[in-house]
Protein chains: 2
Amino acid sequence: MHDPLRSQPNYDRLLDKLESMGPVTQEQRAAIRDLPIRVSEPKGDEDLVREGDAPKECCLVLEGFACRYKLLPDGRRQILSFHVPGDIPDLQSLHLRKMDHSLAALLPSRVVYIPHEAIRRLTHAHPRLTDMLWRDTLVDAAVFREWMVGLGRRSAYARIAHLFCELVVKFRAVGLAKDDTIELRLTQVELADALGLSSVHVNRVLQQLRGEEIIQMRTGRLQVLEWSRLTAAGEFNEDYLHLAAA
Amino acid sequence: MHDPLRSQPNYDRLLDKLESMGPVTQEQRAAIRDLPIRVSEPKGDEDLVREGDAPKECCLVLEGFACRYKLLPDGRRQILSFHVPGDIPDLQSLHLRKMDHSLAALLPSRVVYIPHEAIRRLTHAHPRLTDMLWRDTLVDAAVFREWMVGLGRRSAYARIAHLFCELVVKFRAVGLAKDDTIELRLTQVELADALGLSSVHVNRVLQQLRGEEIIQMRTGRLQVLEWSRLTAAGEFNEDYLHLAAA
DNA sequence: CGCAATATTGACCATCATCAATTGGCGTGG
DNA sequence: CCACGCCAATTGATGATGGTCAATATTGCG
């Protein structure tokens, strides 16, 4: 579980993301690479952090796929976000002591934990990096807002189309899309929990999207056959992902 | 529209909020009070910032009531958050160039606009203030998450009860609640747009909540008759508001 | 007093949830 | 290599929650 190594080569995805926001100096890059880390390789369906915890470190996803979620008293679940390599899904724990939701790996993944104290020193020493990390949490919030619109106002059909658009764009941004295809290992139950739907209904809408030849879904693989029809179906506009530089 | 005055006494609510997160030194307090501002007094139902804008300043609410929202192509609306005095609803614009949603006053209000450049200088000079402002945007995101759960998984009845709980707690936190009563000037259409419901259905559920003598609602006035039953109905737990110090 | 916005009501209906099987895919142990 | 078992996907039947439409009643306010 513990890994004494430092300066693993795996800040690359995170650095890529930060560089997409603006220039990163050699000094800043070095400061990030020097962050102490603890490596972990969760199996699929394993909680990384739980609601109620007061973690002392943040989790950076190196490989795999993760999500954040909340459980209701009766056991129903709402998935709040999906996370790809380069994301720090619980960066908010740096400033919010107690987790108001849980973080889980959805696939066997590789993550590193970075102590809050180290991040705090980093941010206090490098205001530009602070801005970038802050910005990252703000994009996070922007995605929440877009999901709220879907959950509150869009039909099941549009919601699913929209989520697929978002995932394709996010995967593409981290080099995990081959053309119009992504490796998406989500069960229909997981999709339903993200979309505020029942898995039965998700199943039916997926059949419709396939029948209309807008997408193709085989085991763990989503292929977009007609991007324009998918974005139209989901009323998708990627502005909310704020991929352009700050 | 423009007001050359500086050091208005109205940073009090913001300073109160920051102080609730941790100690604020005299120097930091002075730095905030010295921020240049432009005062504005929007009428009710007036947009302060619009989706697509690239604002060069942030908006601090001094008095009144505001909300953020998104419009769908067909004109339907999803309200994303409500804001009370002391809030900086569009602080995210400091790091996200283009607004992905709009900000509007719901009542005649008083707000000030603070230039991004001034805030940026402030944060780069005062890492502790940065942490606090960052934290504020993180609480914002935490509220989005809780709303997502409501929109995705809770019944109309629970959603409304939950929102009322949240509003009472938020109003109380800024001294705008008298005992169990708040001045809540929201139309049923506005409630519906926040809750992802139709106004007709909101009306019916409100009647139920009144009939059960859990709340009382007269014009612009919400009184909670039985807090325990309201929180139970809404499955409300205020942890997500992160009111306790960092 | 009269307008305009808001709230309320009733009738009807669509979307989506629930429940309960059944089918299919796939890894594993014999 | 094949049968078993498990999980995920699929299907059908039924019904509830909440939407839509349209009319009416209220309320605030100039």
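Every chain is numbered from 1, with letters handed out A, B, ... down the list of sequences. In this text the structure is predicted, and so the values were computed from the model without any measurement. Atoms considered below: every heavy atom in the structure, side chains included; atoms not considered: hydrogens, waters and symmetry mates.
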Taking any heavy-atom pair under 4.0 Å as a contact, classify A/G220: base, sugar-phosphate, or nothing. nothing

Based on the rotation axes of five pairs at each end, what angle does the helix from C/dC1-D/dG30 to C/dG30-D/dC1 bend through, to 10°? 40°

Electrostatic pair B/R13:B/D16 at N-O distance under 4.0 angstrom: no

In whole angstrom, what separates A/N203's CG from D/dT10's C1'? 5 Å

Test A/L191 against every option in A/L206, A/L197, A/I160 by the side-chain contact (heavy atoms from CB on, under 4.5 Å) rule and name the one that passes. A/L206

Go through A/K70 and B/M148 one step at a time and tell me if the side chain to side chain contact (heavy atoms under 4.5 Å, CB included) criterion holds. CA-CA 10 Å; A/K70 287 201 192 203; B/M148 287 172 67; over 6 Å; no

Indicate, with a heavy-atom threshold strictly under 4.0 Å, whether A/T187 touches base, sugar-phosphate, or nothing. sugar-phosphate

Between A/D90 and A/R68 (salt bridge meaning N to carboxylate O under 4.0 Å), is one present in this structure? no

Span of DNA chain C in contact with chain B (heavy atoms, under 4.0 Å): C/dT6 to C/dA11

Grab the CG-C1' distance between B/L197 and D/dG19 for me, whole Å please. 10 Å

Please determine whether a side-chain nitrogen of the Lys or Arg among B/D100 and A/R145 lies less than 4.0 Å from a carboxylate oxygen of the Asp or Glu. yes

With no hydrogens and no angle check, do the side chains of B/Y157 and B/E212 hold a donor and an acceptor under 3.5 Å apart? yes

Near DNA chain D, which residues from residues 153-162 of chain B have a heavy atom under 4.0 Å away? B/S155, B/A156

Rounded distance in Å - CZ (A/R210) to C1' (D/dT11): 13 Å

Backbone N or O of B/D193 within a donor-acceptor pair of the B/Q78 side chain at under 3.5 Å? yes

B/Q78 CD to D/dG19 P, straight-line distance once rounded to whole Å: 12 Å

Of the listed nucleotides (D/dG19, D/dA8, D/dG12), which one gets closest to any side-chain atom of B/H201? D/dG19

Could you tell me whether the side chain of A/P89 reaches within less than 4.5 Å of the side chain of A/V61, counting heavy atoms only? yes

In this structure, how many angstroms lie between the P atom of D/dT26 and the CG atom of B/L206, rounded? 18 Å

Ring centers of A/F65, A/F171 separated by less than 6.0 Å: yes

Separation of D/dA8 P from A/E190 CD (nearest whole Å): 8 Å

Rounded to whole Å, CD of B/Q208 lies from C1' of D/dT17 at a distance of 12 Å

Please give, in whole Å, the distance from D/dC7 P to A/L186 CG? 18 Å

Decide yes or no on side chain to side chain contact (heavy atoms under 4.5 Å, CB included) for B/Q223 and B/I215, but give the supporting numbers first. CA-CA 6 Å; B/Q223 181 175 13; B/I215 63 163; over 6 Å; no

Please evaluate residues A/H83 and A/D140 with respect to the criterion side chain to side chain contact (heavy atoms under 4.5 Å, CB included), reporting the C-alpha separation (whole Å), side-chain torsions for both, the decisive distance (0.1 Å), and the verdict. CA-CA 10 Å; A/H83 294 280; A/D140 212 61; 3.7 Å; yes

Starting at the 5' end of DNA chain C and moving along, which residue's nearest nucleotide shows up first, A/T219 or B/V189? B/V189

N or O in side chain of B/R218 less than 4.0 angstrom from D/dG28 OP1/OP2: no

Treating A/E146 as the side-chain partner and A/V143 as the backbone partner, does any N or O pair qualify as donor plus acceptor under 3.5 Å? no

